[in-house]
Amino acid sequence: MARPRLSSLFFVVFHLQLVLISATSEAKSDEHPKKHVHFFIFGDSFLDAGNNNYINTTTLDQANFWPYGETHFNFPTGRFSDGRLMVDFIAEYANLPLILPFLQPGIDQYRFGVNFASGGAGALVETFQGDVIDLKTQLSYYKKVEKWLRDKLGNNEAKMTISKAVHLFSIGSNDYMSPFLTNSTVLNSYSNSRFVGMVIGNLTAVLKDVYELGGRKFAFINLPELGCLPAMRIIKPENNGKCLEEASLLATLHNKALSKLLFGLEKQLKGFRYSIYDFKTSLHQRMKHPSKYGTYCK
């Protein structure tokens, strides 16, 4: 599962924040909390702000120990980072407080949004099943928040709040890595295109549900070359540390299918707006030319 560090994620902020800041331009002139645009976060360890602290899971799927959190917070928060995540920076630039994890005890207010992401999660229920909060379950949490907003604000204002909110998704990496990491035979049962279709199909269902509840503004992070992640490089000793091409191919197919899906939804669903951050290309450029982006490598 992807474990982002601050240095590899900071650049993401400057693209995704534009979606949220543009939506909150009116909010900055009015300090009343209900005028702020809400920020709803779905996904995996790239975005998990601590939900996995509150579920019965494995150490692999938690970040509540050192060296996680050694910067900024100075203690492990459950974020898979040495400090803040991209969503923390986006919230800061959008004049919002940190968006708290849904499962954090004591949260009964969702005035600015909520974070549903879970490290290790996938769009498929079967991905690391029992150890993570899959995307479908994250959607069920979102529906509880939507009901809270209706009870608190009334149906009309709640729907307006949801329609102005930004919904950020980072999902898919674990779906494609888990078969390799768990020695699953699932990839032997489906063609690559069929397997990607299953992941995209589950994501599509969730997006349409959010849309039916009033969601109109969406942001997405596509997948990096999964086969080049350290955990994937060591799966086949005979590769001598080279990238696992099978995993990278799945990520490439996913990214193409995601772009096609969102283009189609924009045509199909009235008012559906989206932005995709090309994480794959940006990360590749920073790995290839680190000095151009302020990263020092010996």
Side-chain angles (χ1 to χ4, degrees), residues 1-4 6 9 13 16 20 33-34 36-122 128 130-153 158 161-162 165-171 174 206 210 213 215 219 221:
M1 284 153 285
R3 300 292 195 254
L6 175 59
L9 290 178
V13 175
L16 289 180
L20 192 54
K34 70 180 181 180
H36 284 277
V37 168
H38 284 55
F39 190 18
F40 296 113
I41 301 158
F42 302 80
D44 48 31
S45 60
F46 282 113
L47 305 181
D48 184 358
N51 279 306
N52 279 15
N53 284 349
Y54 309 107
I55 64 175
N56 183 20
T57 187
T58 65
T59 301
L60 179 64
D61 293 306
Q62 288 186 311
N64 56 358
F65 50 88
W66 293 98
Y68 293 120
E70 63 184 355
T71 69
H72 188 74
F73 299 104
N74 298 316
F75 66 93
T77 63
R79 291 167 170 81
F80 291 86
S81 171
D82 58 351
R84 286 174 287 181
L85 301 174
M86 65 179 81
V87 288
D88 299 321
F89 288 102
I90 294 170
E92 178 184 352
Y93 280 98
N95 198 32
L96 294 173
L98 293 177
I99 305 301
L100 300 177
F102 177 79
L103 294 182
Q104 182 170 312
I107 295 181
D108 58 0
Q109 300 284 324
Y110 306 106
R111 296 182 301 163
F112 301 99
V114 65
N115 187 322
F116 307 104
S118 168
F128 299 119
D131 292 328
V132 301
I133 308 165
D134 62 86
L135 186 60
K136 185 177 180 180
T137 302
Q138 293 180 33
L139 174 66
S140 72
Y141 294 162
Y142 175 79
K143 290 180 177 179
K144 291 181 180 180
V145 173
E146 189 268 344
K147 182 180 183 301
W148 181 90
L149 289 170
R150 283 191 284 110
D151 292 341
K152 190 77 172 177
L153 305 175
T161 297
I162 293 292
V166 172
H167 302 76
L168 172 61
F169 289 79
S170 171
I171 202 76
N174 295 297
V206 169
V210 172
L213 292 170
I221 304 168

Can you tell me how far CG of Asp131 sits from CD1 of Ile55, rounded to the nearest 0.5 angstrom? 7.5 Å

Quick one, Leu153 and Thr161 - any side-chain contact, counting heavy atoms below 4.5 Å? yes

Least distance between heavy atoms, Leu85 atom then Asp48 atom: CD1-O, 3.1 Å

Separation between CZ (Phe39) and CG (Leu98), nearest 0.5 Å, reads 11.5 Å

Non-neighbouring partners of Lys147 that pass side chain to side chain donor-acceptor pair (under 3.5 Å), sequence neighbours left out: Asp151

Within this structure, what is the OH-CG distance for the pair Tyr54 and Asn52, rounded to the nearest 0.5 Å? 11.0 Å

Would you compute the distance between atom OG of Ser140 and atom CZ of Phe102 and round it to the nearest 0.5 angstrom? 7.5 Å

Give the minimum heavy-atom separation between Pro97 and Phe112, together with the two atoms involved. CG-CD1, 3.6 Å

Any non-hydrogen side-chain atom of Phe40 less than 4.5 Å from a side-chain atom of Val210? no

Over 60° means perpendicular and under 30° means parallel, so classify the ring planes of Tyr142 and Phe116, tilted if in between. perpendicular

Chi angles and distances behind the side-chain contact (heavy atoms from CB on, under 4.5 Å) call for Ile221, Leu168: CA-CA 8 Å; Ile221 304 168; Leu168 172 61; 4.2 Å; yes

Donor-acceptor contact below 3.5 Å, side chain Asn51 vs main chain Asn115: yes

Report yes if some heavy atom in the side chain of Asp88 is under 4.5 Å from a heavy atom in the side chain of Glu92; otherwise report no. no

If you measure from OG on Ser118 to CG on Leu47, what distance do you get to the nearest 0.5 Å? 11.0 Å

Nearest 0.5 Å, please: how far is CZ in Arg84 from OG1 in Thr77? 11.5 Å

Can you find a heavy atom in the side chain of His38 that is under 4.5 Å from one in the side chain of Leu149? yes

Look at the side chain of Asp61 and the backbone N and O of Val132, then say whether any donor-acceptor pair between them is shorter than 3.5 Å. no

Indicate whether any N or O donor in one side chain lies under 3.5 Å from an N or O acceptor in the other, for Ser170 and Asp44. yes

Nearest atoms (heavy-atom pairs only) where Ser45 meets Phe80: CB-CD1, 3.6 Å

Please work out whether the ring planes of Phe42 and His167 are parallel, tilted or perpendicular, with thresholds of 30° and 60°. parallel

Between the side chain of Asn174 and the main-chain N/O of Ala121, is any donor-acceptor distance below 3.5 Å? yes

If I compare all heavy atoms of Gln62 with all of Thr57, which pair ends up nearest, and what's the gap? CG-CG2, 3.3 Å

With a 4.5 Å cut-off on side-chain heavy atoms, are Phe128 and Thr58 touching? no

Do you know which two heavy atoms are closest between Arg79 and Ala63, and how far apart they sit? O-CB, 3.3 Å

Looking only at heavy atoms, what is the nearest atom pair of Gln138 and Ile133, with distance? NE2-O, 2.9 Å

